[in-house]
Structure formats: C-alpha cells, structure tokens
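Below you'll find the structure, written out as structure tokens, and then a few comments.
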Amino acid sequence: MTDIRKFRLLAILTTILVVLILSYNIFGEYFMAEIGGYLQRRIYYERTISKKGLSLHKGMYWKEKE
Amino acid sequence: MRRIRILLFSTVIIALSLGYFLQPGKKIDEKKYLGEIAPDINFSEKKGSPAHYLSDSGVVAFNTYDVTPSITGYAGPIKLLLSISDKGVITGIKILEHKETKNYVHYMERPEYLGRFLGKSIKDKFEIDRDVDGISRATVSVEALAKTIRESSRITASNVYGMDVSSEGAGRFEVKWISYLLIFSFSLVFYFLTRRSKRLLRARDWGLAAGILITGIYLSSPFSILHVFNLILLRPSSSILWLVIICTTFISLIVAGRLYCGWLCPFGAISEFIGRLPVRKWSVPVETDDRWRNLKYILLAVIIAIVLLSRRPDYGNYETYVTLFSFHGNYLTWLLVAITLIANLKIERFWCRYLCPVAAFTGILSRKAKGYPSRHDCPMGNKPMPMISECIRCNRCYKGRG
C-alpha cells in the first residue's frame, strides 16, 4: 500500500470517528438509555425466560409477578 | 481563506439566529424535585424575596439561580434546588440544570458527591479540599458549585430567618491562573526573542513541556472551542482562570497569530514530541495535504451549526485534548485520542493539521505575517509559502520581514 493510500485511509477513518462522536453526543442521551434497557431485557430473556418456554412479553409479565 | 471566513461567519450568524427561535429557554418544574430533596415535607407556593418555598417545619427550599444568578461555572450558572433548615443546615440538594462540559463534571452530578454537602452548616467556608471534596480536573465547576451553595444559602437564611451569617468565603485558587499567565508570558516573550535569535529555540521545547505539565495535567484547562461557544452564547464564566485563558488567547491571536497552537497547546506539544521520533514519515503530495487540511474548517462549520442551533456546547465536543486531560471519555473519544497520537509518527501534528477545531478557529482569525518561508523541519509540514492559517509561529523558519 502506498503512503498516500495509507494517509487517505487514516484521514477517512478519523473523520468517521469524529462523525460518530458527534452523533453520540447528540443522540446518545435519547437512544442509549432505551437501547441499554432493551439489551438488558433481551439478555435476561435469552438466559432465563426463554428456557421456560415463554415469549419475551409474557416473560416480562411473569418476572414482574414473581 | 476569504471564502472559508465568509462561510464560517455566515454559519455563526444563521445558526445563532435560528437557535434563538428554535430553543427558547425551558422552564424547570421545581415542584417536581421538591419531593426528592425533602420527601416528607409540604412546601408552600413560591414567594418572597429572594423567591423560596417555605414549610411548616421551618425548612426553606429555593432555586439558587433566583438568589445568585451571577455565580457561574465554566459555562454559565449551575442551577441547584437547595433546602436549608432554620438552624442553618443544608438538608437537601439537587442539580436542576448546568451547561458544564460533561467530561469534567460527571462525578459532580452523582448523588453520593452532592450528598457530602448535606448536614453542613451554611456558616462553613466551603473551601475546596478542606470543607468540600475537590474533583481533580473540574476545579472551576466545583468552585462555582461550592460558591453557589455558600452564597445563596447565606442570603436566603439572612432574609428568611434573619440569621446573621458571616460573609467570609473560601480563598481563591490564585496559583492556577497565575501559573497559566506565567506560562503564557514565557511563551510570548520567547516567541519574540526567537524571532531574533534561533539559539533560543530550545526554550520553546521547555515551554511545550511546561504546557503539557501545567496547562494539560495540572490545570486541565487547555483552550477549547467550547470556550468560544460559551462566549458566543453569552455564558461567560466568573472564574479568573477562564477569563485569563480567553483573554490571553485572543491577545496572542492579535499579536502573534497561532501562538497558542505552536507554543501553548499541550496536545500539540505531545503530538510534536511524538512526531520528532526518528520514524520514516509518509510522503503525502502537497495537493492531497492541502485538500484534507480544509476538513478542519468543514468540521468547525458543522459543530458551529450543531452547537448554536441546539444551544448545547457539549454536542460539539470531539476535542481529543478534552478527553485526554479530563481523563474521561467514551470508547469512541479514547479511540480518536489513540489514533491521533499514534498518527504523529507518520504525519507530523496530524490532529492540528486536519481535525482540530481550535486550529481552524485560530487560523481564520490570524493576521498575515511575512517572513515565514517554511522548511523541511516545519512541525506542521507546511509547504514553502504556507497560508497564514497553517503557520503555528514556531519560528524555526522565521527569516524576518521583507
């Protein structure tokens, strides 16, 4: 790979990173809490509830009851 | 350069005007939070001067912004809901709103930190690291927080309870702004001296090292584009250090162009020292280099639009030195820090050349100065007659007027 190609790759990579950081700054507080909560529920479902043959929705209801 | 200046100036004007209409000041529902700071107490409606909520048990709650609006942190006032008892003891505290940079104040927002103020007498001095735990790297914000609590509670206690509270306050951290002023003066003096004698250029290295230690690690206050945004949004800080950083940077822009970048910036200093390591550099054609250097102006225009439209300076924060010297960031920001530091091995001052918003800002405000032909060891890798916006005035190539 030539120097110029490596340079372009580096410049593009850092630009994408800056765009991702700015997007995270703007949207992070709105979406990250939702995404985090969903992932937590999903992981709990996959590890525990799905083994009992319940759907995610029913599982959450069952967990609350318990 | 003229086109870039016009583009950025119009972006500021348009975004500022639109932001004014799109983001009117939101009203905080204080009553919602009264139950959080004093769960079992019923408060009256807000009344009196200064405005406060009174309870039957004698506890008073108030929004500190109603009492001491002039006390500001790094980015405007830190609005608190505070409750004090008739014995002059703080019984509840909640941060309602602030615009400080999250990297520095994330610890300050935690309930366990704020909880340390509970039970304190309003007669205490609230001295950082004595009465109140300081947060390293957030001195200005913590000072503002402590001062807001001390002054607002004393004024309220004096007016509501008729208490005679001493006006004795905490001592100021004068050593901080004095140390910044000293390092700035050193840089400015040696900038002019090295224009006369190249033998003194070694002093620049000492200045850069001092910049890393003092401005970066000790003060944790490198000049940031967020300073400029807070100034544009009329949220100046009451901190002397903040004022000194702003004033010295603008003075240096007038008398010595991008002196800050070349002599004071701690991240630029680290980048330059890494770049001096004897590793073969990539050979990038001048045209490609020139084209990519415009990227920092585009990014500056983008963050100007984002910040001024939303009126949230933290939205535009992608600065590596804020992450590095606040010792706080997320995976993305730390990855950017790591890449931009390692990149210096192959491209000198990679961050300063292509991405830094401060470099773009100081570049567009720099005056033309003759005598900088540029040469092979230019830390910015500038071409023989660089645009003034790209010269960091390191004086390695300075040949005098004419």
Side-chain angles (χ1 to χ4, degrees), chain A, chain B residues 101-103 226 280-289 291-296 298-300 302-307 309-310 312-320 322-323 329-348 350-351 353-357 381:
Chain A
M1 206 189 282
T2 58
D3 284 354
I4 186 164
R5 187 165 278 206
K6 286 180 204 162
F7 166 73
R8 279 196 184 129
L9 205 66
L10 178 68
I12 291 167
L13 175 72
T14 47
T15 310
I16 291 170
L17 256 179
V18 169
V19 172
L20 284 174
I21 290 168
L22 292 174
S23 311
Y24 181 84
N25 290 347
I26 298 164
F27 304 114
E29 66 186 78
Y30 300 109
F31 295 121
M32 290 315 276
E34 294 286 318
I35 294 167
Y38 172 76
L39 285 176
Q40 252 183 344
R41 289 197 299 277
R42 188 84 214 174
I43 289 165
Y44 186 77
Y45 169 74
E46 295 294 348
R47 283 189 183 161
T48 317
I49 302 171
S50 65
K51 289 171 188 163
K52 299 183 180 183
L54 294 165
S55 71
L56 177 60
H57 182 76
K58 280 180 182 167
M60 291 312 293
Y61 172 76
W62 165 80
K63 190 189 167 195
E64 270 175 29
K65 283 278 180 192
E66 205 177 49
Chain B
T101 309
K102 293 268 183 200
N103 294 57
L226 303 181
R280 188 187 77 81
K281 300 286 181 279
W282 286 342
S283 164
V284 180
V286 175
E287 306 79 52
T288 311
D289 178 64
R291 217 176 305 133
W292 278 98
R293 283 188 194 223
N294 288 329
L295 177 64
K296 60 179 176 286
I298 297 168
L299 288 172
L300 179 62
V302 169
I303 60 169
I304 284 173
I306 292 171
V307 169
L309 279 172
S310 65
R312 291 275 303 266
D314 53 321
Y315 282 176
N317 176 20
Y318 71 92
E319 294 164 293
T320 46
V322 174
T323 305
N330 55 39
Y331 292 117
L332 292 171
T333 53
W334 279 116
L335 185 61
L336 186 65
V337 171
I339 291 175
T340 49
L341 284 178
I342 295 167
N344 292 301
L345 290 169
K346 294 293 179 184
I347 305 271
E348 282 164 307
F350 177 81
W351 168 262
R353 281 206 231 180
Y354 307 109
L355 298 164
C356 182

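Each chain gets a letter, A, B and so on, in the order the sequences are listed, and its residues count up from 1.
Between A:A11 and B:F350, the closest heavy-atom pair is CA-CZ, 4.3 Å. Of all heavy-atom pairs between B:S283 and A:D3, the closest is N-OD2, 3.0 Å.
Looking at B:L295, the atoms closer than 4.5 Å to chain A (heavy atoms on both sides) all sit in the side chain, from C-beta outward. For a residue to count as touching a neighbouring chain, one of its non-hydrogen atoms must lie under 4.5 Å from one of that chain's; by this rule B:L355 touches chain A with the side chain only. For A:L17, the part lying near chain B is the side chain, with the backbone staying farther off; criterion is any non-hydrogen pair under 4.5 Å. No part of A:I16 comes within reach of chain B, as not one of its non-hydrogen atoms sits under 4.5 angstrom from that chain. For B:Y315, the parts lying under 4.5 angstrom from a heavy atom of chain A are both the backbone and the side chain. There is no contact between B:R353 and chain A, counting heavy-atom distances below 4.5 Å. Interface remark: B:K281 contributes backbone atoms only to the contact with chain A (heavy atom separation under 4.5 Å).
Between B:W292 and A:T15, the closest side-chain pair of non-hydrogen atoms falls below 4.5 Å. With a 4.5 Å cut-off on side-chain heavy atoms, B:T288 and A:R8 count as touching.
In terms of heavy-atom pairs under 4.5 Å with chain B, the best-connected choice from A:L13, A:T14, A:L20 is A:T14. For the set B:N317, B:T340, B:D289, the count of heavy-atom pairs under 4.5 angstrom toward chain A peaks at B:N317. For chain A, the option among B:I339, B:L332, B:L335, B:I347 with the highest count of heavy-atom pairs below 4.5 Å is B:L332.
From A:T2, atom OG1 reaches atom CH2 of B:W282 across 10.0 Å, with rounding to the nearest 0.5 Å.
Under the 3.5 Å distance criterion, the side-chain polar atoms of A:N25 are left unmatched by any main-chain donor or acceptor of B:Y318.
Other residues, nucleotides and ligands contribute at most 12 non-hydrogen atoms within 6.0 Å of the CZ atom of A:R47.
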